[in-house]
Amino acid sequence: PLLRELYDVEYGTPELKPEELTGVSIDLRQELARGWVLRAAAFHERIREMISRAAPDDNYHSVDKARHQGVELGFDRKLLQQVTLSVDYSFLDAEDKSGGVVNEVLRYRPKHKVDTKLTFASEFGLQVTLMHTYLSRQYISEDSEETIRASSVFGIAASQRMTDYARVYARVSNLFD
(Lines give C-alpha, C1' and ligand atoms only; values in the text may rest on other atoms or scores of the structure.)
Protein backbone atom coordinates (compact mmCIF):
# COMPACT_ATOMS: atom_id res chain seq x y z
CA PRO A 1 0.00 0.00 0.00
CA LEU A 2 1.01 3.61 -0.57
CA LEU A 3 1.67 5.79 2.47
CA ARG A 4 -1.47 7.85 1.79
CA GLU A 5 -3.59 4.67 1.62
CA LEU A 6 -2.26 3.61 5.01
CA TYR A 7 -1.92 6.89 6.89
CA ASP A 8 -4.02 9.62 5.23
CA VAL A 9 -5.53 11.61 8.10
CA GLU A 10 -9.09 11.32 6.76
CA TYR A 11 -9.13 8.14 4.65
CA GLY A 12 -6.12 6.03 5.61
CA THR A 13 -6.44 2.41 6.72
CA PRO A 14 -3.30 1.14 8.50
CA GLU A 15 -4.53 -2.51 8.36
CA LEU A 16 -4.34 -2.73 4.55
CA LYS A 17 -2.45 -5.73 3.17
CA PRO A 18 -0.24 -5.66 0.06
CA GLU A 19 -1.99 -6.30 -3.23
CA GLU A 20 -1.28 -9.64 -4.92
CA LEU A 21 -1.37 -9.67 -8.73
CA THR A 22 -1.12 -12.65 -11.05
CA GLY A 23 -1.26 -11.91 -14.73
CA VAL A 24 -0.21 -12.60 -18.26
CA SER A 25 0.58 -10.20 -21.07
CA ILE A 26 1.42 -10.71 -24.72
CA ASP A 27 3.23 -7.78 -26.31
CA LEU A 28 4.15 -7.23 -29.95
CA ARG A 29 6.28 -4.47 -31.47
CA GLN A 30 6.94 -4.05 -35.17
CA GLU A 31 9.17 -1.48 -36.86
CA LEU A 32 7.91 -0.50 -40.29
CA ALA A 33 9.24 1.63 -43.13
CA ARG A 34 9.40 5.44 -42.96
CA GLY A 35 9.78 5.65 -39.19
CA TRP A 36 6.57 3.87 -38.14
CA VAL A 37 6.58 1.62 -35.07
CA LEU A 38 3.41 -0.32 -34.22
CA ARG A 39 2.71 -1.85 -30.80
CA ALA A 40 -0.01 -4.19 -29.56
CA ALA A 41 -0.60 -5.94 -26.26
CA ALA A 42 -3.26 -8.05 -24.59
CA PHE A 43 -3.35 -8.63 -20.84
CA HIS A 44 -5.29 -10.44 -18.13
CA GLU A 45 -4.66 -9.84 -14.41
CA ARG A 46 -6.24 -11.29 -11.28
CA ILE A 47 -5.78 -9.16 -8.19
CA ARG A 48 -6.31 -10.05 -4.53
CA GLU A 49 -6.52 -7.41 -1.82
CA MET A 50 -6.77 -4.64 -4.44
CA ILE A 51 -6.78 -1.26 -2.68
CA SER A 52 -9.72 0.97 -3.56
CA ARG A 53 -12.35 3.33 -2.18
CA ALA A 54 -16.08 2.66 -2.64
CA ALA A 55 -16.83 6.39 -2.88
CA PRO A 56 -14.76 9.61 -2.72
CA ASP A 57 -15.53 10.13 0.99
CA ASP A 58 -14.85 6.54 2.09
CA ASN A 59 -11.72 5.08 3.69
CA TYR A 60 -9.38 2.95 1.63
CA HIS A 61 -10.29 -0.74 1.75
CA SER A 62 -9.30 -3.99 0.07
CA VAL A 63 -11.34 -5.52 -2.72
CA ASP A 64 -11.03 -9.25 -2.09
CA LYS A 65 -10.89 -10.25 -5.77
CA ALA A 66 -10.66 -8.10 -8.89
CA ARG A 67 -9.90 -8.65 -12.55
CA HIS A 68 -8.31 -6.38 -15.15
CA GLN A 69 -8.17 -7.44 -18.77
CA GLY A 70 -7.85 -5.59 -22.02
CA VAL A 71 -5.86 -4.60 -25.05
CA GLU A 72 -3.48 -1.79 -25.90
CA LEU A 73 -2.66 -0.56 -29.40
CA GLY A 74 -0.21 2.17 -30.29
CA PHE A 75 2.15 3.64 -32.79
CA ASP A 76 5.14 5.95 -32.90
CA ARG A 77 6.02 7.97 -35.97
CA LYS A 78 9.09 10.10 -36.43
CA LEU A 79 7.66 13.19 -38.15
CA LEU A 80 10.96 15.06 -38.45
CA GLN A 81 14.51 14.26 -37.38
CA GLN A 82 13.83 15.61 -33.87
CA VAL A 83 10.01 15.28 -33.59
CA THR A 84 8.12 12.08 -32.71
CA LEU A 85 4.36 11.47 -32.45
CA SER A 86 3.06 8.67 -30.21
CA VAL A 87 -0.58 7.58 -29.93
CA ASP A 88 -1.74 4.79 -27.61
CA TYR A 89 -5.24 3.37 -27.15
CA SER A 90 -6.24 1.18 -24.19
CA PHE A 91 -9.40 -0.84 -23.63
CA LEU A 92 -9.79 -1.96 -20.02
CA ASP A 93 -12.39 -4.30 -18.57
CA ALA A 94 -11.99 -3.97 -14.79
CA GLU A 95 -14.37 -5.78 -12.45
CA ASP A 96 -14.83 -6.51 -8.77
CA LYS A 97 -15.11 -10.30 -8.58
CA SER A 98 -15.68 -10.49 -4.81
CA GLY A 99 -19.45 -10.81 -5.11
CA GLY A 100 -22.04 -8.87 -3.15
CA VAL A 101 -21.63 -5.54 -4.94
CA VAL A 102 -24.33 -3.81 -6.98
CA ASN A 103 -21.97 -2.71 -9.75
CA GLU A 104 -19.06 -5.03 -10.56
CA VAL A 105 -17.28 -2.32 -12.61
CA LEU A 106 -14.40 -0.86 -10.60
CA ARG A 107 -14.49 2.89 -10.00
CA TYR A 108 -12.14 5.39 -11.66
CA ARG A 109 -11.04 2.92 -14.32
CA PRO A 110 -12.12 4.13 -17.76
CA LYS A 111 -12.93 1.50 -20.37
CA HIS A 112 -11.31 3.63 -23.08
CA LYS A 113 -8.18 5.74 -22.84
CA VAL A 114 -6.19 7.49 -25.57
CA ASP A 115 -2.75 8.99 -24.88
CA THR A 116 -1.16 11.28 -27.46
CA LYS A 117 2.38 12.67 -27.16
CA LEU A 118 4.34 14.99 -29.41
CA THR A 119 8.01 15.01 -28.43
CA PHE A 120 10.81 17.31 -29.55
CA ALA A 121 14.33 16.10 -28.76
CA SER A 122 17.20 18.51 -29.37
CA GLU A 123 20.80 17.65 -30.15
CA PHE A 124 21.95 19.23 -26.87
CA GLY A 125 19.79 17.03 -24.63
CA LEU A 126 16.63 19.10 -24.18
CA GLN A 127 13.43 17.10 -24.58
CA VAL A 128 9.95 18.71 -24.56
CA THR A 129 6.74 16.66 -24.73
CA LEU A 130 3.18 17.91 -25.22
CA MET A 131 0.67 15.38 -23.89
CA HIS A 132 -3.06 14.78 -24.19
CA THR A 133 -5.04 12.04 -22.44
CA TYR A 134 -8.67 11.22 -23.20
CA LEU A 135 -10.56 9.18 -20.59
CA SER A 136 -14.03 7.74 -21.25
CA ARG A 137 -16.75 8.00 -18.59
CA GLN A 138 -15.95 6.31 -15.29
CA TYR A 139 -17.99 4.98 -12.39
CA ILE A 140 -17.46 6.96 -9.21
CA SER A 141 -19.08 4.54 -6.77
CA GLU A 142 -18.88 0.77 -6.49
CA ASP A 143 -22.40 0.78 -5.03
CA SER A 144 -24.27 2.61 -7.83
CA GLU A 145 -24.44 3.42 -11.52
CA GLU A 146 -23.22 7.01 -10.95
CA THR A 147 -20.54 8.14 -13.42
CA ILE A 148 -18.39 11.11 -14.32
CA ARG A 149 -18.35 12.22 -17.92
CA ALA A 150 -15.54 11.64 -20.36
CA SER A 151 -12.65 14.08 -20.00
CA SER A 152 -9.43 15.29 -21.56
CA VAL A 153 -6.25 16.29 -19.76
CA PHE A 154 -3.41 18.25 -21.36
CA GLY A 155 0.12 18.46 -20.07
CA ILE A 156 3.69 19.40 -20.88
CA ALA A 157 6.97 17.90 -19.75
CA ALA A 158 10.55 18.98 -20.25
CA SER A 159 13.86 17.42 -19.37
CA GLN A 160 17.47 18.34 -19.88
CA ARG A 161 20.29 15.82 -20.01
CA MET A 162 22.97 16.82 -17.50
CA THR A 163 25.25 13.78 -17.87
CA ASP A 164 24.97 10.37 -19.50
CA TYR A 165 23.25 9.17 -16.30
CA ALA A 166 21.31 12.20 -15.05
CA ARG A 167 18.47 14.42 -16.31
CA VAL A 168 16.56 17.34 -14.77
CA TYR A 169 12.85 16.82 -15.31
CA ALA A 170 9.73 19.00 -14.86
CA ARG A 171 6.10 18.27 -15.71
CA VAL A 172 2.79 20.08 -15.55
CA SER A 173 -0.37 17.97 -15.77
CA ASN A 174 -3.91 19.24 -16.32
CA LEU A 175 -2.73 22.49 -17.90
CA PHE A 176 -6.20 23.97 -18.42
CA ASP A 177 -7.78 23.25 -15.03
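Note: hydrogens, waters and symmetry copies are ignored here, and every other heavy atom, side chains too, is used.
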With rounding to the nearest 0.5 Å, note down the distance linking [atom1] in [X] to [atom2] in [Y].
{"X": "Thr84", "Y": "Leu79", "atom1": "OG1", "atom2": "CG", "answer": "7.0 Å"}
{"X": "Ile26", "Y": "His44", "atom1": "CD1", "atom2": "NE2", "answer": "12.0 Å"}
{"X": "Leu80", "Y": "Leu85", "atom1": "CG", "atom2": "CG", "answer": "11.0 Å"}
{"X": "Arg109", "Y": "Lys111", "atom1": "CZ", "atom2": "NZ", "answer": "12.5 Å"}
{"X": "Ile47", "Y": "Glu20", "atom1": "CD1", "atom2": "CD", "answer": "11.5 Å"}

Applying side chain to side chain donor-acceptor pair (under 3.5 Å), run through Ser173 and Arg171 and close with a yes or a no. CA-CA 6 Å; Ser173 295; Arg171 180 170 124 172; 3.3 Å; yes

Tell me whether [X] contacts the main-chain N or O of [Y] through its side chain, where contact means a donor paired with an acceptor under 3.5 Å.
{"X": "Ser159", "Y": "Tyr169", "answer": "no"}
{"X": "Thr13", "Y": "Tyr60", "answer": "yes"}
{"X": "Arg107", "Y": "Arg53", "answer": "yes"}
{"X": "Ser98", "Y": "Asp64", "answer": "yes"}
{"X": "Thr163", "Y": "Ala166", "answer": "yes"}
{"X": "Gln160", "Y": "Phe124", "answer": "yes"}

Hey, are the side chains of [X] and [Y] touching, using non-hydrogen atoms and a 4.5 Å cut-off?
{"X": "His132", "Y": "Ser152", "value": "yes"}
{"X": "Arg29", "Y": "Glu31", "value": "yes"}
{"X": "Asp93", "Y": "Gln69", "value": "yes"}
{"X": "Gln127", "Y": "Arg167", "value": "yes"}
{"X": "Leu21", "Y": "Arg46", "value": "no"}
{"X": "Leu118", "Y": "Val83", "value": "yes"}
{"X": "Tyr11", "Y": "Asp57", "value": "yes"}
{"X": "Leu38", "Y": "Leu28", "value": "no"}

Working note: His112 + Ser90, criterion side chain to side chain donor-acceptor pair (under 3.5 Å); need CA distance, chi angles, decisive distance, verdict. CA-CA 6 Å; His112 306 280; Ser90 299; over 6 Å; no

Distance-minimising heavy-atom pair for [X] and [Y]:
{"X": "Pro110", "Y": "Leu92", "result": "O-CB, 3.7 Å"}
{"X": "Glu10", "Y": "Asp8", "result": "N-OD1, 2.9 Å"}
{"X": "Ala41", "Y": "Asp27", "result": "CB-OD2, 3.2 Å"}
{"X": "Val168", "Y": "Met162", "result": "CG2-CG, 3.6 Å"}
{"X": "Ser52", "Y": "Val63", "result": "CB-CG2, 3.9 Å"}
{"X": "Glu49", "Y": "Pro18", "result": "CB-O, 3.7 Å"}

With under 30° as parallel and over 60° as perpendicular, where do the rings of Trp36 and Phe75 fit, or are they tilted in between?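 It falls in the tilted class, 30° to 60°.
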
Membership question, hydrophobic clusters at under 4.5 Å side-chain separation (ILVMFWY): are [Y] and [X] in the same one?
{"X": "Leu175", "Y": "Leu130", "result": "yes"}
{"X": "Val153", "Y": "Val128", "result": "no"}
{"X": "Met50", "Y": "Leu2", "result": "no"}
{"X": "Leu16", "Y": "Tyr108", "result": "no"}

May I ask you to check whether Phe43 and His68 place their ring centres under 6.0 Å from each other?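 No; Phe43 has its ring centre 6.0 Å or more from that of His68.
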
Using ring centroids (six-membered ring only for Trp), state whether Phe154 and Phe176 fall under 6.0 Å.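 They qualify: ring centres under 6.0 Å apart.
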
Does the Lys NZ or Arg CZ of Arg137 fall within the cation-pi geometry relative to Tyr139 - under 6.0 Å from the ring centre and within 45° of the axis?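 Because its charged atom sits under 6.0 Å from the ring centre and within 45° of the axis, Arg137 does stack over Tyr139.
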
Considering residues, nucleotides and ligands other than [X], do more than 12 of their heavy atoms fall under 6.0 Å from its [atom1]?
{"X": "Lys117", "atom1": "NZ", "result": "no"}
{"X": "Lys65", "atom1": "NZ", "result": "no"}
{"X": "Leu32", "atom1": "CG", "result": "yes"}

When you look at Asp76 and Arg39, which way does the salt bridge (charged side-chain N to carboxylate O under 4.0 Å, His left out) test go after all the steps? CA-CA 8 Å; Asp76 297 329; Arg39 297 179 311 280; 3.0 Å; yes

Evaluate Val87 against Asp115 for side chain to side chain contact (heavy atoms under 4.5 Å, CB included), listing each step before the verdict. CA-CA 6 Å; Val87 178; Asp115 284 310; over 6 Å; no

Walk me through it: do Ser86 and Thr119 pass the test side chain to side chain contact (heavy atoms under 4.5 Å, CB included)? CA-CA 8 Å; Ser86 297; Thr119 302; 5.9 Å; no

Evaluate the side chain to side chain contact (heavy atoms under 4.5 Å, CB included) criterion for residues Phe91 and Glu72: first the C-alpha distance (whole Å), next the side-chain angles of each, then the deciding distance (0.1 Å), finally the verdict. CA-CA 6 Å; Phe91 171 80; Glu72 298 174 347; over 6 Å; no

Please test Lys78 against Arg34 for side chain to side chain contact (heavy atoms under 4.5 Å, CB included), starting from the C-alpha separation and ending with a verdict. CA-CA 8 Å; Lys78 190 169 255 196; Arg34 299 186 184 184; over 6 Å; no

